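Worksheet: one structure, shown below.
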Amino acid sequence: TGGHTTEILRLLSCLSESYSPRHYVLADSDKMSEAKIRSFEQKRAETFSKSQFSLDRIPRSREVRQSWVSSVLTTLYSILYSLPLTYKRKPDLILCNGPGTCVPVCLSAFLLGLLRIKRTIIVYVESICRVETLSLSGKILYYFSDYFIVQWPDLKKKYPKSVYLGRIV
């Protein structure tokens with residue numbers, strides 16, 4: 001429904017001009033986010049004249065209500081699809097906030113770091129709606145992210161590696 005996109009754009013609105021170019025990765029079945037991103041970037045270009053961005057699409061790793069068994073296969077496919085994209089972009093930083101699309105991209109970047117091709121800092125921000133438990137993406141990326149940010153103090157207690165900054169979106 002675009003909630004993750006809205007949250008990530010709120011986070012990006014606080015970043016300086018030095019975070020450029022920005023490369024957005026969307027699920028191939030996501031119909032709403034591209035328009036939101038383009039609108040955000042158009043407004044950003046009014047303030048930062050040298051603002052640059054790109055949009056890339058990858059296969060969705062897991063559809064809503066997809067079975068866990070089949071989601072393993074679709075996630076593996078999405079990871080294989082993400083590897084060349086991550087290699088091509090070689091990001092310095094991945095900032096993500098929970099949609100399943102971020103898992104293959106982060107795991108691809110993590111793998112490139114293990115292979116000593118490119119070290120990428122992974123910052124995961126758990127969605128503000130996750131008050132008591134982590135999302136599935138959060139449960140996976142808790143172990144792979146460099147910084148894992150939660151927006152509720154109870155989550156910090158349950159997940160000691162996390163960083164609690166209060167509500168940031």
Side-chain angles (χ1 to χ4, degrees), residues 1-12 15 19-41 52-130 133-151 155 158-159 161-162 169:
T1 59
H4 288 296
T5 303
T6 300
E7 285 186 6
I8 202 73
L9 293 178
R10 284 184 188 156
L11 289 171
L12 291 175
L15 295 181
Y19 289 92
S20 184
R22 285 166 305 289
H23 305 287
Y24 297 91
V25 180
L26 309 168
D28 56 4
S29 60
D30 185 341
K31 306 296 181 209
M32 295 176 50
S33 296
E34 183 173 349
K36 287 183 177 187
I37 292 166
R38 290 192 183 282
S39 175
F40 170 81
E41 287 292 340
Q52 296 177 337
F53 77 99
S54 66
L55 290 165
D56 292 297
R57 292 190 176 270
I58 64 169
R60 188 177 291 271
S61 57
R62 182 173 183 268
E63 296 287 348
V64 176
R65 295 184 192 89
Q66 181 179 350
S67 74
W68 295 109
V69 175
S70 66
S71 69
V72 171
L73 295 174
T74 55
T75 300
L76 287 173
Y77 175 67
S78 190
I79 291 169
L80 289 174
Y81 197 93
S82 298
L83 275 168
L85 173 63
T86 309
Y87 179 79
K88 174 184 166 188
R89 298 291 185 198
K90 290 187 178 70
D92 295 318
L93 169 73
I94 293 177
L95 177 63
C96 56
N97 67 328
T101 305
C102 70
V103 173
V105 174
C106 289
L107 293 180
S108 297
F110 185 80
L111 180 60
L112 291 179
L114 288 178
L115 296 173
R116 300 188 188 275
I117 294 171
K118 171 63 174 157
R119 169 79 171 98
T120 301
I121 296 170
I122 300 172
V123 178
Y124 181 87
V125 180
E126 185 61 271
S127 176
I128 194 166
C129 68
R130 304 306 299 202
T133 62
L134 298 180
S135 63
L136 179 57
S137 298
K139 289 175 183 174
I140 295 167
L141 294 177
Y142 180 76
Y143 300 99
F144 296 96
S145 60
D146 296 286
Y147 300 96
F148 191 93
I149 300 169
V150 295
Q151 299 185 63
L155 286 176
K158 289 180 183 177
Y159 299 94
K161 176 191 166 195
S162 66
V169 295

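Owing to the predicted nature of the structure, the values given are computational and were not obtained by experimental measurement.
- Side-chain atoms of Thr74 come within 3.5 Å of backbone N or O of Ser71 as a donor-acceptor pair.
- A donor-acceptor contact closer than 3.5 angstrom is absent between the side chains of Ser61 and Ser78.
- In terms of modelled atom types and a separation under 3.5 Å, the side chain of Lys90 and the main chain of Tyr87 share a donor-acceptor contact.
- Side-chain contact between Ile149 and Val123: present, with at least one pair of heavy atoms (C-beta onward) separated by less than 4.5 Å.
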So Thr120 and Leu93, side-chain contact (heavy atoms from CB on, under 4.5 Å) or not? Walk me through it.
-> CA-CA 5 Å; Thr120 301; Leu93 169 73; 5.6 Å; no
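- In this structure, the separation between OG1 on Thr6 and CG on Leu11 is 11.0 Å, given to the nearest 0.5 Å.
- Contact check for Leu26 versus Glu34: side-chain heavy atoms found under the 4.5 Å cut-off.
- Side-chain atoms of His23 and Leu85, non-hydrogen and from C-beta on, never get closer than 4.5 Å to each other.
- Closest non-hydrogen pair, Ser145 versus Lys161, comes out as O-NZ, 2.6 Å.
- The side-chain heavy atoms of Phe53 and Arg38, taken from C-beta on, include a pair separated by under 4.5 Å.
- At a cut-off of 3.5 Å, with distance as the only test, a side-chain donor of Arg130 or Thr133 sits close to an acceptor on the other residue.
- Annotation: the span from Glu7 atom CD to Cys129 atom SG amounts to 6.0 Å, rounded to 0.5 Å.
- Remark: Leu95 CG to Arg22 CZ distance equals 11.5 Å, nearest 0.5 Å.
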Pairs under 3.5 angstrom only: tabulate donor-acceptor contacts from the side chains of residues 106-118 to other protein residues two or more places apart or in another chain.
residue	atom	partner	partner atom	Å
Ser108	OG	Ile79	O	3.4
Ser108	OG	Pro104	O	2.8
Lys118	NZ	Asp92	OD1	2.6

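- Side chain to side chain, Tyr24 and Glu41 meet the donor-acceptor criterion of an N or O pair below 3.5 Å.
- In this structure, Leu9 and Leu12 have side chains that are in contact, with non-hydrogen atoms separated by less than 4.5 Å.
- Rounded to the nearest 0.5 angstrom, Asp30 CG and Lys36 NZ are separated by 9.0 Å.
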Decide yes or no on salt bridge (Lys or Arg N to Asp or Glu O under 4.0 Å) for Arg119 and Asp146, but give the supporting numbers first.
-> CA-CA 11 Å; Arg119 169 79 171 98; Asp146 296 286; 2.6 Å; yes
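- Looking at Tyr124 and Ser135, their side chains do bring a donor and an acceptor atom within 3.5 Å of each other.
- The number of heavy atoms from other shown groups lying within 6.0 Å of NZ (Lys88) does not exceed 12.
- Under the 4.5 Å side-chain criterion, counting only non-hydrogen atoms from C-beta, Ile58 is in contact with Val105.
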Going through the distances and angles, do Ile121 and Ile94 end up as a side-chain contact (heavy atoms from CB on, under 4.5 Å)?
-> CA-CA 6 Å; Ile121 296 170; Ile94 293 177; over 6 Å; no
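- Looking only at distances, a side-chain donor or acceptor of Thr86 sits under 3.5 Å from a matching main-chain atom of Ser82.
- Side-chain contact between Leu155 and Leu134 is present, with at least one heavy-atom pair separated by less than 4.5 Å.
- The distance from atom CG of Leu15 to atom OG of Ser20, rounded to the nearest 0.5 Å, is 11.0 Å.
- When ring centroids are compared, Tyr142 and Tyr159 come within the 6.0 Å threshold.
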What do the steps show when you test Phe144 against Val103 for side-chain contact (heavy atoms from CB on, under 4.5 Å), and what is the final call?
-> CA-CA 10 Å; Phe144 296 96; Val103 173; over 6 Å; no
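- Contact of the Gln151 side chain with the Ser127 side chain is not registered, since no non-hydrogen atoms from C-beta on lie closer than 4.5 Å.
- With values rounded to the nearest 0.5 angstrom, Glu126 atom CD is found 8.0 Å from Ser137 atom OG.
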Applying salt bridge (Lys or Arg N to Asp or Glu O under 4.0 Å), run through Asp56 and Arg89 and close with a yes or a no.
-> CA-CA 10 Å; Asp56 292 297; Arg89 298 291 185 198; 3.1 Å; yes
